[in-house]
Amino acid sequence: MAGNALTVAGFGFRRGARLASLEDALARLEAYHGTIDRLAATQSMWPLVRELGWARRIAVITVPDVTLPSATTLTRSAHSLRARGTGSVAEAVALLAAGPGATLLGPRLVSADRQATAALARRRLGDCP
């Protein structure tokens, strides 16, 4: 963890997404924001993100799918709202995994093949439990 903050990359992706899609989305986040401490995914999306975590040696946090609607996102995708109850799965996952007091560092970024999205949330350690 960089300094006294935790940065968590949350992912959302289509059923046909491959590891390369997630790698591209993560690389885009890192290009904008630098080092990432943890990856995160919903329980239903965990296997592919776990594979990315193993490849990059970054721990992966899981978030219950049912909690997604509780997060306030910057993006308001009509498709995501209908399918998952949130404006952005990636943004919601990042916020929920980072914990209370976390903030998004910007809207989700989309992989070049448009199969995956990733968003970054940061929580200052010591601010909240």
Side-chain angles (χ1 to χ4, degrees):
M1 285 168 252
N4 56 342
L6 172 68
T7 56
V8 178
F11 290 88
F13 50 88
R14 298 174 188 245
R15 270 182 219 171
R18 297 178 184 250
L19 183 58
S21 302
L22 275 67
E23 289 171 335
D24 180 66
L26 180 60
R28 290 168 186 262
L29 276 184
E30 289 173 324
Y32 282 106
H33 302 290
T35 303
I36 293 167
D37 300 312
R38 301 281 185 276
L39 307 180
T42 63
Q43 292 168 327
S44 63
M45 296 178 158
W46 183 72
L48 189 58
V49 178
R50 176 191 62 194
E51 190 176 337
L52 177 62
W54 283 345
R56 296 290 302 274
R57 297 178 191 227
I58 302 173
V60 179
I61 300 167
T62 58
V63 173
D65 292 71
V66 298
T67 63
L68 292 177
S70 70
T72 302
T73 62
L74 299 173
T75 302
R76 303 288 297 166
S77 162
H79 173 75
S80 183
L81 281 166
R82 281 191 308 275
R84 305 295 292 240
T86 183
S88 166
V89 171
E91 292 173 17
V93 166
L95 283 168
L96 293 166
T103 57
L104 288 169
L105 299 187
R108 69 185 182 182
L109 299 177
V110 182
S111 64
D113 66 4
R114 307 209 44 86
Q115 295 296 302
T117 59
L120 194 65
R122 179 173 289 145
R123 177 173 59 96
R124 293 179 56 88
L125 301 176
D127 285 354
C128 294

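For the pair Ala121 and Leu95, the tightest heavy-atom approach, listed with the atom from each and the gap, is CB-N, 3.8 Å. The heavy-atom pair separating Ala119 from Leu104 by the smallest distance is CB-CD2, 4.4 Å. The two residues Arg123 and Pro100 make their nearest non-hydrogen contact at CD-O, 2.9 Å. Nearest heavy atom pair, residue Ala17 against residue Leu22, reads CB-CD1, 4.5 Å. Across all non-hydrogen atoms, the minimal contact from Gly87 to Arg108 is O-NH1, 4.4 Å. Scanning both residues, Pro107 and Glu91, for their nearest heavy atoms gives CA-OE2, 3.4 Å.
Here the CD1 atom belonging to Ile58 is positioned 9.5 Å from the CZ atom belonging to Arg38, to the nearest 0.5 angstrom. Separation of atoms CZ (Arg122) and OG1 (Thr103) is listed at 8.0 Å; rounding is to 0.5 Å.
Identified under the salt bridge (charged side-chain N to carboxylate O under 4.0 Å, His left out) test for residues 7-18, with sequence neighbours left out: none.
Under the side-chain hydrogen bond (donor to acceptor under 3.5 Å, both in side chains) criterion, Thr117 pairs with no residue at all, not counting sequence neighbours. Contacts of Ala118 classified as side chain to side chain contact (heavy atoms under 4.5 Å, CB included), with partners at least two apart in sequence or in another chain: Phe11, Ala25, Leu29. Every residue two or more places apart in sequence or in another chain was checked for a salt bridge (Lys or Arg N to Asp or Glu O under 4.0 Å) with Glu23, and none qualifies. With sequence neighbours excluded, no residue forms a side-chain hydrogen bond (donor to acceptor under 3.5 Å, both in side chains) with Thr86.
Leu26 is not connected to Val8 by any chain of hydrophobic side-chain contacts under 4.5 Å among Ile, Leu, Val, Met, Phe, Trp and Tyr, and they are in different clusters. Under the 4.5 Å side-chain heavy-atom criterion for grouping Ile, Leu, Val, Met, Phe, Trp and Tyr, Val66 is not connected to Leu68 through any hydrophobic cluster. The cluster map of Ile, Leu, Val, Met, Phe, Trp and Tyr, joined by side-chain heavy atoms under 4.5 Å apart, puts Leu39 and Leu19 in the same cluster. Clustering ILVMFWY residues whenever any of their side-chain heavy atoms sit less than 4.5 angstrom apart, transitively, puts Val60 in a cluster other than the one holding Leu6. Cluster annotation: Val93 and Ile36 are assigned to the same hydrophobic cluster (Ile/Leu/Val/Met/Phe/Trp/Tyr, side-chain heavy-atom contacts under 4.5 Å, transitive).
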Please set out all donor-acceptor pairs under 3.5 angstrom arising from side-chain atoms of residues 43-55, sequence neighbours excluded.
| from | atom 1 | to | atom 2 | distance (Å) |
| --- | --- | --- | --- | --- |
| Ser44 | OG | Thr42 | OG1 | 3.2 |
| Ser44 | OG | Asp65 | OD2 | 2.6 |

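With hydrogens and angles ignored, the 3.5 Å screen pairs no side-chain donor or acceptor of Thr75 with any backbone N or O of Ser77. With hydrogens and angles disregarded, a donor-acceptor distance shorter than 3.5 Å links the side chain of Thr7 to the backbone of Asp37.
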